[in-house]
Amino acid sequence: MGEEPITSSYDRPGRHLNFPPDFLWGAATSAYQIEGAWNEDGKGASIWDRFCHTSGRVEGGATGDVACDHYHRYRDDVATMAALGLRAYRFSFAWTRLFPNGDSRPNPAGFDFYRRLIDALREHGIMPVATLYHWDLPQALQDAGGWVNRDTAYRFADYAGRVIEAFGSDVPLWATINEPVLIAFAGHVLGNKAPGTRRFWQVLTIVHHLLLGHGLAVQAFRDIAPRPASDLPEPGIGIVLSVRPSYPATPRPADVRAAQLMDLLTKQLYFAPLFRGHYPPAALTFFRRRLIPLKQQPDDLQIINQPLDFLGLNVYSRALIAARSFNPLISIREVAPTGPTTAMGWEIYPPCLYDVLKLAASYTDIPLYITENGAAFPDQPQPDGTINDQDRIAYLHAHLAEAHRAIADGINLKGYFVWSLLDNFEWEEGYRPRFGLIHVDFKTLQRTWKQSATWYRDVIARNGLRVIGNS
Ligand code: GCO
């Protein structure tokens with residue numbers, strides 16, 4: 001962690017950075033990372049249940065079996081959201097809590113849970129923002145081939161349609177899929193996330209089926225055309241992309257080319273089909289030269305390139321990229337940052353948030369939301385039990401200053417969601433990384449506000465940042 005609090009160049013002492021009056025201040029979570037109750041009330045197994053129950057896949061043998069026990073404690077957590085003054089809360093539906101086997105047979109208890117959660121949010125005046133797929137594919141569908149199987153895209157669209165029919169009037173913002181790039185690469189190439197396969201030759205087909213599922217789900221949303229509840233805005237649908245901008249580690253032409261290749265494979269490969277209706281030719285050439293097939297049908301790209309109502313962007317850090325010689329598969333390597341980092345080892349580089357917003361705005365002028373931004377730090381409680389996470393406050397402050405700079409430059413940024421409301425299950429790294437505004441003792445499940453929670457509450461109340469020195 002850096003010695004000095006990190007601030008962006010934009011952030012000059014004595015300023016007050018006001019955000020637009022309707023700016024949507026929120027916090028984000030996902031089902032598998034907080035709910036627990038992994039097999040309760042009829043819920044079926046997801047690929048993350050199977051992954052965690054497979055020895056050696058998750059640090060310390062941790063699982064999401066209990067997680068934050070949000071399934072039982074959701075009312076208290078919603079009360080915490082209200083005390084924070086959140087305008088919105090981004091959560092995800094657990095597909096197998098609603099359809100245990102990934103087919104069309106519903107689990108009424110699952111629908112009842114999400115009805116109660118959404119009603120509790122609405123009672124507190126908090127806008128529900130829902131993600132339909134945050135990585136927890138039904139294991140039954142994985143057993144049938146998962147995202148390698150084109151049929152999974154259609155199963156996802158059917159599931160999405162049924163959920164939108166049930167909750168469409170009470171959820172103004174619907175995200176189809178969270179971070180297709182990580183699903184494809186972490187889940188199916190690196191294998192460090194569920195389902196934990198390593199099939200590089202199938203990666204482009206998996207990317208394609210994820211985007212096809214997204215497009216089909218958007219079509220289902222348009223066909224259903226949910227009418228809003230009287231006090232809510234017109235529902236809209238979008239997707240959430242993880243964007244980690246690549247910067248060359250040195251000005252050497254080889255490193256510049258390596259950074260461009262990384263951006264091609266992790267950003268343009270998604271932005272181009274979603275917003276321009278075609279895959280980048282250079283990406284197709286890259287995969288073709290490695291004999292990696294793309295199985296598509298004539299209308300697929302038209303289905304993928306559906307008009308969207310918003311784009312969600314998950315932004316945490318940047319990547320320093322250099323060329324790597326003699327590697328036939330991919331001549332790229334990531335260089336360790338030299339500056340301050342979070343507990344994930346991610347560089348703290350606030351201007352990356354501005355750069356991501358500029359990139360997104362070059363593809364589309366629809367509303368943008370930072371659907372995730374946050375940082376993991378050790379967060380050791382003081383002897384009196386308080387958690388003085390000044391490093392997280394500095395991180396959030398500096399990144400919000402960049403968000404404000406983007407808005408000032410005319411970028412259509414409409415909201416910001418801190419990752420995360422609660423310390424939670426950080427995938428293969430278990431519970432060690434703590435991202436929450438609210439500390440969770442995973443032995444007792446007791447929630448404790450960190451200083452950053454109080455700070456964020458005041459930012460929301462002021463609708464902006466007070467810039468005093470480097471705070
Ligand atoms: C992601 C997921 C979150 C993570 C968060 C911290 O972006 O990987 O959306 O589930 O927990 O980003 O890594």
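We count ligands from 1, going down the list as the structure has it; atoms in each ligand are counted the same way.
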Exercise. Do any nitrogen or oxygen atoms of Asn424 come within less than 3.5 Å of a nitrogen or oxygen of ligand 1?
Worked result: no
Problem set entry | Carboxylate-amine/guanidinium proximity below 4.0 Å for Glu428 and Lys193 | yes
Exercise. Counting from 1, what ligand 1 atoms have a heavy atom of Trp346 closer than 4.0 Å?
Worked result: 13 (O)
Exercise. Salt bridge (charged side-chain N to carboxylate O under 4.0 Å, His left out): which pairs involve residues 31-48, sequence neighbours left out?
Worked result: Glu35-Arg97, Lys43-Asp49
Exercise. Looking at Asp76 and Arg447, does any basic side-chain N land under 4.0 Å from a carboxylate oxygen?
Worked result: no
Problem set entry | Salt bridge present between Arg432 and Glu426 (N-O < 4.0 angstrom) | no
Problem set entry | ligand 1 to Glu426 polar contact by distance, N or O atoms, under 3.5 Å | yes
Exercise. Which atoms of ligand 1 sit under 4.0 Å from any heavy atom of Tyr316?
Worked result: 5 (C), 6 (C), 12 (O)
Problem set entry | Heteroatom proximity flag, His134 to ligand 1, N/O under 3.5 Å | yes
Problem set entry | Shortest protein heavy-atom distance from atom 10 (O) of ligand 1, along with the residue and atom involved | Gln33 OE1, 2.6 Å
For this session: Taking the six-membered ring for Trp and the single ring otherwise, decide whether the centroids of Tyr431 and Phe425 are under 6.0 Å apart.
Result: yes
Problem set entry | atom 1 (C) of ligand 1 [closest protein heavy-atom partner, distance rounded to 0.1 Å] | Glu179 OE1, 3.1 Å
For this session: Of the side chain and backbone of Val240, name the one, both, or neither that has a heavy atom under 4.0 Å from an atom of ligand 1.
Result: neither
Exercise. Can we say Asp77 and Arg73 salt-bridge, meaning some charged N sits less than 4.0 Å from an Asp/Glu carboxylate O?
Worked result: no
Exercise. Which protein heavy atom lies closest to atom 9 (O) of ligand 1, and at what distance to 0.1 Å?
Worked result: Glu372 OE2, 2.5 Å
Exercise. Hey, are Arg162 and Asp158 close enough for a salt bridge, meaning a charged N less than 4.0 Å from a carboxylate O?
Worked result: no
Exercise. Does the ring centre of Trp346 sit less than 6.0 Å away from the ring centre of Tyr395?
Worked result: no
Exercise. Counting each atom of ligand 1 from 1 as listed, which ones have a heavy atom of Asn314 under 4.0 Å away?
Worked result: 7 (O), 9 (O)
Seminar exercise, completed: Note: ligand 1 atoms sitting under 4.0 Å from heavy atoms of Trp427 are 3 (C), 4 (C), 10 (O), 11 (O)
Problem set entry | Contact with ligand 1 for Phe425, non-hydrogen, under 4.0 angstrom | no
Seminar exercise, completed: ring pair (Phe, Tyr, Trp, His ring centres under 6.0 Å) filter on Phe417, not counting sequence neighbours, yields none
Exercise. Looking at Asn178, which atoms of ligand 1 are within less than 4.0 Å of one of its heavy atoms?
Worked result: 2 (C), 9 (O)
